[in-house]
Amino acid sequence: MSVALETVLAKAGLKVDATEFLTHVEDAARKLSPPNPDPSDYFSAEQRDALIDVGLDLAPQAESEPDMRARTVAAHAVLAESSLTVLAAAERLGVDDSRIRHKIKDRRLAAWKAQGGWRLPSWQFTSSGLLPGLDVVLRAVPEDQPPLVVAAFISTPQPDLVINDRPATPRQWLLAGGDPEPVARLTETLGTPA
């Protein structure tokens with residue numbers, strides 16, 4: 001299996017061995033909810049009755065159903081593996097690592113605290129520096145939004161951001177020299193119901 005996994009990782013452009021990647025997967029799975037939580041445990045009896053009355057199924061996941069956490073676990077693992085350390089980010093930008101920490105503190109770089117220090121998602125970097133307009137976009141990110149949500153948004157085509165008559169991802173939009181303000185307005189809505 002490790003040969004097949006290493007092939008997939010290489011095709012995805014992830015420079016990691018299979019064992020290390022599987023460690024990321026295990027860590028991400030452990031951080032998520034238990035494998036088969038009972039949804040009704042999260043609600044009072046009155047709330048359960050109201051939710052069941054409107055047709056919601058609060059039964060635990062059946063053993064025969066696929067584990068819906070798998071996609072999220074994989075996304076977490078890829079985000080972790082493709083992220084940069086403070087030192088790697090400093091080297092990429094040609095600055096001292098204290099400058100990277102300062103940018104993280106000021107929310108001018110996205111990062112999360114992990115074992116071993118800060119991790120910075122790679123989507124915010126280009127081959128020559130930082131994503132244009134990054135500071136404008138990051139100021140708009142609601143503080144309660146986890147890195148995976150922001151990464152998913154940045155890499156998902158948005159109908160409001162059009163390049164050559166096609167929806168573009170916020171990253172593509174910014175790389176193409178698009179105004180960061182429309183991206184910031186979309187970013188402000190992360191975590192709010194549609």
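All values below were derived from every heavy atom in this structure, side-chain atoms included, with hydrogens, water molecules and symmetry-related copies excluded.
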Problem - Main-chain N/O of Trp123 paired with Arg171 side-chain donor or acceptor, under 3.5 Å - result: yes
Problem - Ser82 (side chain) donor-acceptor with Ser122 (main chain) under 3.5 angstrom - result: no
Rounded to the nearest 0.5 Å, what's the gap from [atom1] on [X] to [atom2] on [Y]? Could you check?
| X | Y | atom1 | atom2 | value |
| --- | --- | --- | --- | --- |
| Leu175 | Ser127 | CG | OG | 9.0 Å |
| Arg101 | Asp96 | CZ | CG | 8.5 Å |
| Asn164 | Gln172 | CG | CD | 10.5 Å |
| Ile104 | Trp112 | CD1 | CH2 | 10.5 Å |
| Ser83 | Trp118 | OG | CH2 | 12.5 Å |
| Thr85 | Leu120 | OG1 | CG | 8.0 Å |

Problem - Leu56 with Ile52, same ILVMFWY side-chain cluster at under 4.5 Å - result: yes
What pair of heavy atoms forms the shortest contact from [X] to [Y], and how long is it?
| X | Y | result |
| --- | --- | --- |
| Val137 | Pro180 | CG2-O, 4.2 Å |
| Pro142 | Leu190 | CG-O, 3.6 Å |
| Pro170 | Ile154 | CD-O, 3.3 Å |
| Arg185 | Thr189 | O-CG2, 3.7 Å |
| Asp179 | Trp173 | O-NE1, 2.8 Å |
| Leu174 | Gly178 | CD2-O, 3.9 Å |

Handout entry: Worked verdict on Leu109 versus Leu134 for side-chain contact (heavy atoms from CB on, under 4.5 Å)
Key = CA-CA 8 Å; Leu109 279 175; Leu134 179 65; 4.0 Å; yes
Contact check, side chains of [X] and [Y], non-hydrogen atoms, under 4.5 Å:
| X | Y | value |
| --- | --- | --- |
| Leu161 | Pro167 | no |
| Gln145 | Phe153 | no |
| Gln158 | Val183 | no |
| Asp160 | Leu186 | yes |
| Val136 | Glu181 | yes |
| Leu58 | Phe43 | yes |

Practice task
With sequence neighbours excluded, give me every salt bridge (charged side-chain N to carboxylate O under 4.0 Å, His left out) pair touching residues 105-114.
Solution key: Arg107-Glu143
Exercise for the section: List in chain and number order the residues that pass side chain to side chain donor-acceptor pair (under 3.5 Å) with Thr187, two or more places apart in sequence or in another chain; answer none if no residue qualifies. Expected result: none
